[in-house]
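Scroll down for the structure; my scribbles are underneath it.
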Amino acid sequence: MSECLCTVDDVIRYHTDEMSAVERAAFATHLPACASCTQAVRAQALLDRRVAALPKYRAPRLAEPRPRAVGQRVLIAATIAAVMAGGLLLERERRGFEERRMVRAALAADARLLAFLPGRPSPAMPDVRLPPWLGFVMCDEWIASDPEGLYICALAPDGPLGRAGVIAGDVLLDIEARAVRSDTAMYRRLTRFAPGDVVTVRVRRQDGRTDRVRVSLDPRRIGERHPFDMDWSPALIESLNRTAPGAVDLRDVFIPDNTGSTAGLRVLLEPTPGEIRRTVLMPLPHLFGAGGLRRGDLIIRVQDESIAELFDLLPALMRVQDRQAFDIHVLRDGADVVLTITSHPGTEP
Amino acid sequence: MRVTEEAGDAREHDVRLARRMAAGDRSALGEAYASWSQRVHSVASRIVGHEAADVTHDAFMQAYERAVDYSGRGPLRAWIERIAITLALKSLKRQRLFRGFASRMRAPVPAAAMSAETAELETAIRELPDTLRTVFVLHAVEGYPHEEVAAMLGISGSASRQRLRRARAILVERLELESET
């Protein structure tokens, strides 16, 4: 094709009738004078003849068994399964395999230590690296929740957050600029740091302000496996009252009473829901008013748990709070009364 | 054109056959297979080589299972061929995946002995890149118009034409046809 400007593409387009009428007429005029184009067109025609002579292939019988196909499919399936399994393992590694190992080890260590009775010498703490501790209790969703962070239901005044001036009712928004909208997110975040590290956390105060506070992380203690799994210790309950100015003091509402034949917790005051909610973020607001608890009642049991003092009542209420309904047994004017407290997530008392 | 030349009675026959297949009539499947399996198998053979038997079998089984989806707008044969080509293209993708540790596409077994020239052409077609071979087989060998080829492969009509020209140029060069003329 060196003698003319035609390309192989031109020749094929002419041969397969893809040229416009004008192009075709021009090419047809050019063709007799150009030996290379003529040869190329003939080659295309020869290709067509060869293609027309291609043989047929014999189709298999319809129900013919196909062992090879089965084998190959098994191979493909096995390969895909292997690749997926490998991917899952890598993903699992990425998502914090180490973190889960630590949690398991910490739980096992706790279980071993808790099996020993108080006063007995406790076994040596296994060599487990525990994630650091913030020292607060997260609110259950239906009591108080916040879509942007974790509602602090209670906190240890001497814990990392407490020392930094965070109080119950604040919302923990992020840790070192990473949002913590769920307990697991916060837990994952904490595993990135070690006790002694100073981290910046952002909290939203009850008046809506957002503050950044520097928090020095503490080591986790036995029994505090999870950052919000802190026991309701007397110091903690006391801190609830300190942290909500203007709120009713629970020690004025409930006092232990063992003067009669049955010991229990006497209700001395009927606080308003507002006063209670500012005091402690628990099912307490649901007990009064529609709940039926009155001044003078002697609380004996919550569900099946005996109640003798305030420290019995609050944890017992925490344990039943995710139920649709729970019973409180009270002694009212010498008669047993069962109050069924029904409350639902998001309902106002 | 092959796909549109059947009409009238043939279309009614196709619809009846598809209905019988949809109703689970195995003899209807046998009838369809006897009529069109050769052609379906030929297309598949040149696209996927030795896996053509599987593709042909699977295409008819799929057609049998999905016969209720046949709309009756085009010939039943073309509908089954489309299923076969879709399966062939999937099979081709799988072959590409395994090409790293498998030998090249093996030749299928033809119905009759081939001349040296034809065998040479078969080899040359088999050695074309997948994208060019598929278009060449569908259009030049099996006679599908470019628009249908384009629809099956999800490409434009002009892309189909361009691939065909490249395939023809490669074949003419490999077979040294210009020196023979």
Side-chain angles (χ1 to χ4, degrees), chain A residues 1-4 6-20 23 31 34-80 82-83, chain B residues 26 29-30 33-34 36-46 50-54 56-58 60-61 94 97-98 102 108-115 117-122 124-125 136-137 139-141 146 161-162 164-169 171-173 175-181:
Chain A
M1 306 271 272
S2 54
E3 302 88 340
C4 70
C6 298
T7 62
V8 179
D9 219 45
D10 292 333
V11 172
I12 299 174
R13 282 172 58 233
Y14 174 76
H15 178 76
T16 54
D17 205 11
E18 286 176 28
M19 279 183 165
S20 67
E23 273 183 307
L31 202 52
C34 179
S36 62
C37 284
T38 307
Q39 198 178 19
V41 170
R42 281 185 190 149
Q44 290 297 327
L46 185 56
L47 177 63
D48 281 348
R49 283 202 295 281
R50 295 251 182 114
V51 168
L54 281 173
K56 295 288 176 211
Y57 289 94
R58 188 179 295 125
R61 289 197 306 116
L62 183 56
E64 196 173 290
R66 296 168 296 138
R68 186 189 62 240
V70 171
Q72 192 178 31
R73 278 168 201 183
V74 167
L75 176 67
I76 290 167
T79 308
I80 291 171
V83 169
Chain B
R26 292 282 296 194
L29 172 64
Y33 196 81
W36 303 313
S37 62
Q38 285 299 347
R39 187 184 150 106
V40 169
H41 185 63
S42 277
V43 180
S45 294
R46 292 200 173 88
H50 63 282
E51 284 191 6
D54 294 335
T56 307
H57 184 279
D58 290 354
F60 277 89
M61 289 316 289
R94 268 208 316 273
L97 195 69
F98 286 88
V109 182
M114 287 189 286
S115 67
E117 276 182 357
T118 311
E120 199 184 12
L121 176 59
E122 286 282 17
I125 292 174
F136 184 81
V137 168
H139 180 83
V141 182
H146 278 296
R161 288 185 178 83
Q162 197 182 15
L164 180 81
R165 289 200 295 273
R166 281 173 59 202
R168 291 189 75 106
L171 289 175
V172 164
E173 195 186 333
L175 301 172
E176 297 172 350
L177 294 181
E178 289 200 25
S179 59
E180 289 185 26
T181 54

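Just so we're on the same page: letters track the sequence lines, and every chain starts at 1. These numbers come from the heavy atoms of this one structure, side chains and all, not from hydrogens, waters or symmetry mates. Not measured: the values here are computed from a predicted model.
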Practice task
Would you check if B:Arg46 and A:Leu54 make a side-chain contact, meaning some heavy-atom pair closer than 4.5 Å?
Solution key: yes
Handout entry: 4.5 Å side-chain heavy-atom contact, A:Val51 and B:Arg168
Key = no
Problem - Check: B:Thr118 and A:Arg50 side chains under 4.5 Å, non-hydrogen atoms - result: no
Exercise for the section: Apply the test side chain to side chain contact (heavy atoms under 4.5 Å, CB included) to residues B:Arg165 and A:Glu18: give CA-CA distance (whole Å), side-chain angles for both, the deciding distance (0.1 Å), then the verdict. Expected result: CA-CA 10 Å; B:Arg165 289 200 295 273; A:Glu18 286 176 28; 2.7 Å; yes
Exercise for the section: Under the side chain to side chain contact (heavy atoms under 4.5 Å, CB included) rule, what do A:Leu47 and B:Leu121 come out as? Steps first, then yes or no, please. Expected result: CA-CA 9 Å; A:Leu47 177 63; B:Leu121 176 59; 4.0 Å; yes
Practice task
Find out whether A:Asp9 and B:Arg166 are in side-chain contact, i.e. whether some heavy atom of one side chain is under 4.5 Å from a heavy atom of the other.
Solution key: no
Fill in the blank from the handout: d(B:Leu171 CG, A:Leu46 CG) to nearest 0.5 Å is 11.5 Å
Practice task
Please indicate whether A:Glu23 has more than 12 foreign heavy atoms, meaning atoms of other residues, nucleotides or ligands, lying under 6.0 Å from its CD.
Solution key: yes
Exercise for the section: Sort B:His146 into side chain, backbone, both or neither according to what part of it lies under 4.5 angstrom from a heavy atom of chain A. Expected result: side chain
Problem - Residue pair A:Ala43 / B:Leu177: nearest heavy atoms and the distance that separates them - result: O-CD1, 3.6 Å
